Amino acid sequence: MKELLLVGVGSMGRPYLDAALRMGCSVRAVESRAGAPNLPAGTRAEFHLVDHALDESWLLGALRAAGRGAPDGVVGFAETHVTAAALLQDRFGLPGPSLQAAVISRNKGLQRMVCAAAGVGQPGFLLAPTLADAREWAAEHLPVVVKPLTLGGSLGVEQLSTAEALEDALGRRGGDRLLVEQAVEGPEFSWEAVVRDGAVLFENTTAKETTAPPYFVELTHRCGHRFDDPRTADAVSGFTRGVLAAIGMRTGLVHLEFRLGPQGPALMEVAVRTPGDYLAEAICLSYGFDLYEAVVRLALDLPLDGLLRPGPSRYAAVHYPRCPPGRITGISGLAEIAAHPFVVRISVDRGVGDSVAPMRSSSQRIGHAVVVAPTVEAREETLEFVRSRLRITTAG
Ligand SMILES: Nc1ncnc2c1ncn2[C@@H]1O[C@H](COP(=O)(O)OP(=O)(O)OP(=O)(O)O)[C@@H](O)[C@H]1O
Ligand SMILES: [Mg+2]
């Protein structure tokens with residue numbers, strides 16, 4: 001029986017656990033104490049708890065879980081699991097993205113450096129010890145985007161469009177170590193791929209809508225995007241392969257974000273992990289196969305046996321509703337939306353009386369909807385239905 005070590009479970013990792021158990025594997029899983037109450041009871045999995053959801057804590061848990069013998073495969077799915085999973089894969093000679101891809105995935109500065117050396121499309125950038133040290137370069141390259149090296153969810157990402165905005169940011173964040181980049185104008189996409197030994201076995205492009213500058217919080221993801229212009233499609237294909245080569249990607253799931261700028265695709269960031277924002281679920285819905293099982297198979301060095309599907313058979317989207325900041329006075333339309341045949345799920349995580357802050361990062365979003373429709377047009381109609389029927393009113 002194959003043994004899988006799963007670094008982190010939570011709700012995002014649960015489908016990996018389910019897939020592995022369904023495949024008849026035995027599973028050792030590492031989970032944080034905070035996540036422990038949500039672990040499934042009565043499974044064959046063995047759970048190891050860690051005190052904090054930190055890269056380092058996950059490593060201790062994973063090493064302890066591996067203490068009674070090397071597993072046959074290791075899967076780490078979220079940002080803070082990547083390093084621990086890669087260290088174990090490296091130690092035991094198991095399939096994985098590679099230690100270098102994992103290290104690069106965790107640091108946007110390293111991503112810029114390897115892509116610069118490889119000539120991969122990306123914004124002009126400067127990484128200096130502090131933002132204050134980058135003042136002159138930033139002033140000459142406005143508008144710029146400043147971002148922390150290792151955070152996610154758009155936390156701390158800020159576009160500075162004017163000299164005044166730059167001075168203001170220097171006052172607030174001048175001592176911080178921030179990557180400074182030229183702002184790329186153009187539509188944004190992500191690309192999700194199943195990769196084995198550096199070769200792309202499956203790929204999906206997701207078109208994105210975000211809030212306007214300065215904070216760029218992701219609002220809508222549409223899977224199964226196709227570039228109609230063959231030159232653009234070729235450029236994107238070459239670009240994505242270039243990023244994989246630049247980071248030294250070997251085996252697993254990759255999620256990268258890019259904008260189509262005036263000079264072609266420009267990398268925003270790349271990660272060797274499961275995409276967030278329910279994108280993995282949206283991919284399963286769009287293409288009709290279990291992406292999680294594919295990842296478990298890769299990790300265990302098992303054949304994929306025709307599991308993957310090259311093109312979408314349906315079109316899924318994930319949408320995050322918005323409302324004006326203030327105290328919520330009313331929420332309506334949920335039942336009607338949930339009853340729509342192309343709505344998989346609608347959930348609003350706030351109630352009447354809760355306050356809604358101006359949106360600056362993904363964690364401030366107030367709910368989400370997942371939809372899947374037989375055609376692109378039907379998906380757009382469904383998204384419009386969700387947008388128009390969900391009413392969240394606020395005051396103050
Ligand atoms: N150089 C840039 N030019 C234009 N837009 C940018 C640039 N850098 C970042 N952005 C915008 O800001 C968003 C967040 O940036 P980035 O992906 O680097 O941060 P993040 O915190 O990892 O985000 P998330 O976890 O939400 O994907 C991007 O998706 C993009 O919309
Ligand atoms: Mg991002």
Side-chain angles (χ1 to χ4, degrees), residues 12 55 77-82 104-116 120-127 131 134 137-138 140-161 165-166 169 173 176-192 205-222 225 239-240 243 247 253-280 282 318-320 322 359-365 368:
M12 259 174 79
D55 293 51
F77 61 86
E79 197 70 28
T80 59
H81 308 142
V82 163
I104 293 164
S105 170
R106 285 295 282 134
N107 183 315
K108 290 176 186 168
L110 294 179
Q111 292 170 27
R112 292 289 175 240
M113 302 307 168
V114 293
C115 288
V120 169
Q122 62 176 353
F125 69 93
L126 184 75
L127 178 60
L131 180 59
W137 188 91
E140 282 165 11
H141 293 86
L142 292 171
V144 295
V145 174
V146 297
K147 56 176 81 167
L149 298 182
T150 60
L151 296 182
S154 298
L155 205 63
V157 177
E158 188 178 354
Q159 177 165 314
L160 309 173
S161 301
L166 174 61
R173 308 176 71 183
D176 295 355
R177 188 157 177 247
L178 295 171
L179 183 58
V180 185
E181 304 177 352
Q182 283 183 288
V184 178
E185 269 204 55
E188 183 164 8
F189 302 90
S190 68
W191 181 78
E192 290 75 35
T205 302
T206 303
K208 296 196 182 305
E209 274 175 40
T210 67
T211 59
Y215 300 119
F216 307 105
V217 179
E218 291 170 314
L219 293 179
T220 308
H221 305 275
R222 293 171 170 86
H225 180 82
F239 160 78
T240 52
V243 174
I247 67 170
L253 197 50
V254 174
H255 162 69
L256 67 80
E257 297 172 342
F258 65 98
R259 281 188 189 271
L260 257 188
Q263 267 110 52
L267 183 70
M268 300 285 103
E269 61 163 337
V270 53
V272 293
R273 58 160 168 82
T274 312
D277 284 2
Y278 307 99
L279 265 179
V318 183
H319 173 66
Y320 289 85
R322 300 183 72 181
M359 214 190 285
R360 292 186 167 200
S361 72
S362 301
S363 63
Q364 291 169 317
R365 294 175 302 190
H368 73 278

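When a ligand or atom number is given, it counts from 1 through the structure's own listing order. This structure is a prediction, so every number in the text was calculated from the model and none was measured.
The two residues Pro148 and Gly156 make their nearest non-hydrogen contact at CD-O, 3.5 Å. For the residue pair Ala134 and Val180, the shortest heavy atom distance occurs at CB-CG2, 3.8 Å.
Under a 4.0 Å heavy-atom criterion, Lys208 is not in contact with ligand 1. Heavy-atom distances between Gln159 and ligand 1 stay at or above 4.0 Å for every pair.
Taking CZ of Phe216 as the reference point, atom CD of Glu257 lies at 12.0 Å (rounded to 0.5 Å).
The closest protein non-hydrogen atom to atom 13 (C) of ligand 1 is Phe216 CB, 3.7 Å. Taking atom 9 (C) of ligand 1 as the reference point, the nearest protein heavy-atom neighbour is Lys147 NZ, 3.4 Å. Nearest non-hydrogen protein atom to atom 16 (P) of ligand 1 is Lys108 NZ, 3.6 Å. The nearest heavy-atom contact from the protein to atom 7 (C) of ligand 1 is Met268 SD, 3.3 Å. Protein heavy atom in closest approach to atom 24 (P) of ligand 1: Gly153 N, 3.4 Å. In this structure, the protein non-hydrogen atom closest to atom 23 (O) of ligand 1 is Ser154 N, 3.2 Å.
Among the heteroatoms counted here (N, O or S) of Glu269, OE2 is the one nearest to the Mg ion (ligand 2). When the N, O or S atoms of Glu257 are ranked by distance to the Mg ion (ligand 2), OE1 comes first.
Residue Leu149 forms a side chain to side chain contact (heavy atoms under 4.5 Å, CB included) with just one option from Arg177, Gln111, Arg106, and that option is Arg177.
Atoms of ligand 1 found under 4.0 Å from any heavy atom of Val157 (numbered from 1 in listed order, with element): 12 (O), 15 (O), 19 (O), 21 (O). Heavy-atom contacts of Pro123 reach the following atoms of ligand 1: 1 (N) (cutoff under 4.0 Å). Counting atoms of ligand 1 from 1 in the listed order, those under 4.0 Å from a heavy atom of Ala183 are 3 (N).
Around atom CZ of Arg360, no more than 12 heavy atoms belonging to other residues, nucleotides or ligands sit under 6.0 Å away.
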| task | Decide yes or no on salt bridge (Lys or Arg N to Asp or Glu O under 4.0 Å) for Glu158 and Arg173, but give the supporting numbers first. | result | CA-CA 11 Å; Glu158 188 178 354; Arg173 308 176 71 183; 2.8 Å; yes
| query | Given the rule in the side-chain contact (heavy atoms from CB on, under 4.5 Å) test, do Tyr320 and Asp277 qualify, once you have shown the distances and angles that lead to the verdict? | reply | CA-CA 9 Å; Tyr320 289 85; Asp277 284 2; 3.2 Å; yes
| said: Does Glu209 form a side-chain contact (heavy atoms from CB on, under 4.5 Å) with His319? I'd like the steps, not just the answer. | reply: CA-CA 9 Å; Glu209 274 175 40; His319 173 66; over 6 Å; no
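Glu269 and Lys147 are not joined by a salt bridge, as no carboxylate oxygen comes within less than 4.0 angstrom of a charged side-chain nitrogen.
Atom 28 (C) of ligand 1 has its nearest heavy-atom neighbour, among Glu257, Glu269, Glu188, Arg259, in Glu188.
Formation of a donor-acceptor pair under 3.5 Å by the Arg259 side chain with backbone atoms of Gly186 is found in this model.
In terms of N/O distances under 3.5 Å, ligand 1 is approached by Glu181. Checked against a 3.5 angstrom limit, the closest N/O atoms of Val184 and ligand 1 fall inside it.
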